[in-house]
Every structure is written in C-alpha cells, then in structure tokens.
Amino acid sequence: MARDTAVDYTAQRDAFEAWFQSPLGRVLLADQRRHLDNAVAAMAGAHQLLVAVSHRLPLASSSDFSKRVLTTPYWCRELAEGVVVCDADELPFPSDSMDLVILHHSLDFSDQPHQVVREAARVLRSSGSLVVIGFNPFSIWGTRKLVSRRRQAPWSGRFISANRLEDWLSLLQFSVESTDTHFFRPPLAGAGALHRLAGLDRLGERLHLPAGAYYCIRAEKRMPAARVRRLRWRQPKPVVLPVAGAMGSTGLSRRDRQASRKHTLCQDTHSRYQEQ
C-alpha cells in the first residue's frame, strides 16, 4: 500500500493512454468495447456519462441514449463535442441527472477512488445504472503487477478488487446486478502470441472463471422511499350543548335556573303585597 501512495496517478494517466496504443493495449481495449456494448445494449435513457482517463478512449458509442457525455482530465485543441474537461472525483453535473455512468479505469488511476465512486453515485438518478471497468488483482495481470519492478502503466494502477468495490457500492445504496471478469490471455507484448491465445478467452467465458484481466461490474442505484410520518389525531371530545331547564353543569344552564328562581321570588312578593 505504501508503494501505491507514492505513485503520481496524474502523470500515470498519460502513460496509460499511450499504453493503449501498444498491441496488448489495443487488443484489451477492443475486448472491453465488445463486452461493454453487450452490457449496455438493453439500457436506454436520456443521458449517458463516460468517465474515462482520456478522451481518445471512447466506449459505448453505439448505446441507445439521447445524449452521451465523455469526461477527460486534460484539455487539448482536438476535443470533440460532448467532451467535458474535469477530474473524475469532481464532476460538474447536477445531482440525479444521469441515467448511465461508466467508469473506465477511473478508479485504477485516481488519487481518491472513494470520491470517484461517490461522485458517480451523486450524479446518477435513482434506478440508474453504473458500470465499472477495472483491473482484476486476482489474475495473471495482478501477479504481473506484484512482480513488476518498473512502476509504469498499466502496472502502476491500483488494481482494486471487485469484492472491495462491491462493498463501496453497497454503502452507497447500490444493488450489484452482475460481476464478470474478461480477457484471460497473459500480458504478452507480441500481437501474434495474443492472437494464438484467443482461445483462453472463450474458455474462461464458458467456465465463468473469476481470473480475467479486468472486471465489469454492473450495479443499479437503489434509493429507499421516503418514509411519511402519519399524524396521530387526538380523539375529539364530545361537546355538550346547553339546554334550558336541562340538568347539567354548564354555566348557561345555571344562569337560566337563577333567573327562573328570581322571577318566581318576585311573583311571590307581589302577591303578598296585594293581599295586605
């Protein structure tokens, strides 16, 4: 872990982009594009966001979304329309504005991978989909990273495990729909050797082996429904209406009885006066 903290991930992103131009990088990127297209084929919506390490590595360009946005950490003159320059851990988009967010090795080359996931969760709407592509440490590629003396891309990446990432997503109220690993060929430099070993990919896919070079995690954002507190109304008390002459304890009834007794007393006094 101490070795990872000493890595300058900002500088390594440039080297990682250049590595994708190598024979191994081109074969890996083509495999990722194929599996990502299959993963998002059934998805549709208004806004798709691809958080990539470079604008020169587009993915899911044929998905059925009305607007596709790509982020890149660097500005250059040849930026196409729909490309936004920003860091992966600080996305300049409103909350709950995206239907699909794709993180393409954004966690492998970030100083704050936790914040990258939190930002993706923030901009994603409820029931939206998140797809994460990252290097699998439990693979031949992970072993190559451990024994590598030259800390260059892609071996300088973090290689965060899929289980660890699933824990992060669970804390952010995501439901993991699927976790698959792909590309079972060793990291060889020659294009001819990679082509001859293509059968390893078919074998690993058929057996669902968890030892592919990279994983593809698809998760759905699950926001719990807001709990509505029901007001507890007090039982209404009965209202006693005053009735003249009725027995009761209301103030109006007592005044009526007092007035009646006073009237009777006056009549008795008047009668005794006439008799005298």
Side-chain angles (χ1 to χ4, degrees), residues 7-21 25-26 28-30 32-33 35-37 39-40 43-135 153-154 156-160 165 168-169 172 174 214-221:
V7 174
D8 184 0
Y9 291 106
T10 302
Q12 288 298 319
R13 280 195 294 259
D14 288 337
F16 187 45
E17 176 188 352
W19 175 83
F20 271 109
Q21 304 304 318
R26 288 196 295 267
L28 178 69
L29 184 61
Q32 290 178 344
R33 284 172 174 163
H35 285 100
L36 184 58
D37 288 342
V40 303
M43 301 180 188
H47 298 92
Q48 168 188 302
L49 174 62
L50 170 60
V51 183
V53 294
S54 171
H55 68 282
R56 298 183 181 91
L57 305 174
L59 291 91
S61 56
S62 60
S63 59
D64 191 14
F65 283 81
S66 303
K67 186 174 183 180
R68 291 185 289 270
V69 182
L70 170 64
T71 69
T72 181
Y74 305 110
W75 180 88
C76 60
R77 293 183 180 273
E78 66 271 14
L79 287 181
E81 183 180 359
V83 178
V84 178
V85 179
C86 66
D87 290 326
D89 55 10
E90 193 174 358
L91 300 176
F93 306 107
S95 301
D96 306 318
S97 60
M98 298 295 171
D99 299 282
L100 170 64
V101 176
I102 303 171
L103 301 180
H104 181 231
H105 293 291
S106 304
L107 305 179
D108 291 325
F109 292 89
S110 173
D111 295 324
Q112 304 181 67
H114 294 86
Q115 181 61 25
V116 174
V117 180
R118 283 193 291 266
E119 276 293 277
R122 180 186 64 82
V123 302
L124 192 63
R125 67 169 178 82
S126 180
S127 299
S129 297
L130 174 67
V131 178
V132 183
I133 293 179
F135 286 119
S156 56
R158 290 185 177 274
F159 282 48
I160 301 173
L165 182 54
W168 294 359
L169 295 175
L172 292 173
F174 276 89
Y214 69 93
Y215 53 76
C216 182
I217 298 179
R218 185 169 58 88
E220 183 175 339
K221 185 178 179 180

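- Residues meeting the side chain to side chain donor-acceptor pair (under 3.5 Å) test with R218, sequence neighbours left out: none.
- Considering only residues two or more places apart in sequence or on other chains, F159 meets the ring-ring contact (aromatic ring centres under 6.0 Å, His included) condition with F135.
- Taking the side chain as every heavy atom from C-beta outward, Y215 and I160 approach each other to under 4.5 Å.
- The shortest side-chain heavy-atom distance between L165 and L107 falls under the 4.5 Å cut-off.
- Checked against side chain to side chain donor-acceptor pair (under 3.5 Å), Q12 has the following partners two or more places apart in sequence or in another chain: S156.
- A search for side chain to side chain donor-acceptor pair (under 3.5 Å) contacts involving D89 returns Q112, not counting sequence neighbours.
- Distance check, rounded to the nearest 0.5 Å: CG of L50 to OG1 of T71 gives 6.5 Å.
- Residue pairs meeting the side chain to side chain donor-acceptor pair (under 3.5 Å) criterion with at least one member in residues 53-69, sequence neighbours excluded: E17-S54, E17-R56, Q48-S63, R56-E78.
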Exercise for review: Evaluate the side-chain contact (heavy atoms from CB on, under 4.5 Å) criterion for residues L28 and W19: first the C-alpha distance (whole Å), next the side-chain angles of each, then the deciding distance (0.1 Å), finally the verdict.
Suggested key: CA-CA 11 Å; L28 178 69; W19 175 83; 3.7 Å; yes

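- Contact record, A60 with D37: CA-OD1, 3.6 Å, taken as the closest heavy-atom pair.
- Evaluation of the side chain to side chain donor-acceptor pair (under 3.5 Å) test over residues 123-132, restricted to residues two or more places apart or in two chains, returns D99-R125.
- Heavy atoms only, all atoms of each residue included: R13 and P73 are closest at NE-CG, 3.7 Å.
- Across every non-hydrogen atom of V53 and H105, the tightest pair is CG1-O, 3.7 Å.
- Note that NE2 of H104 is 11.0 Å distant from CG of L70, once rounded to the nearest 0.5 Å.
- Counting only heavy atoms from C-beta outward, the side chains of H47 and F93 never approach each other to under 4.5 Å.
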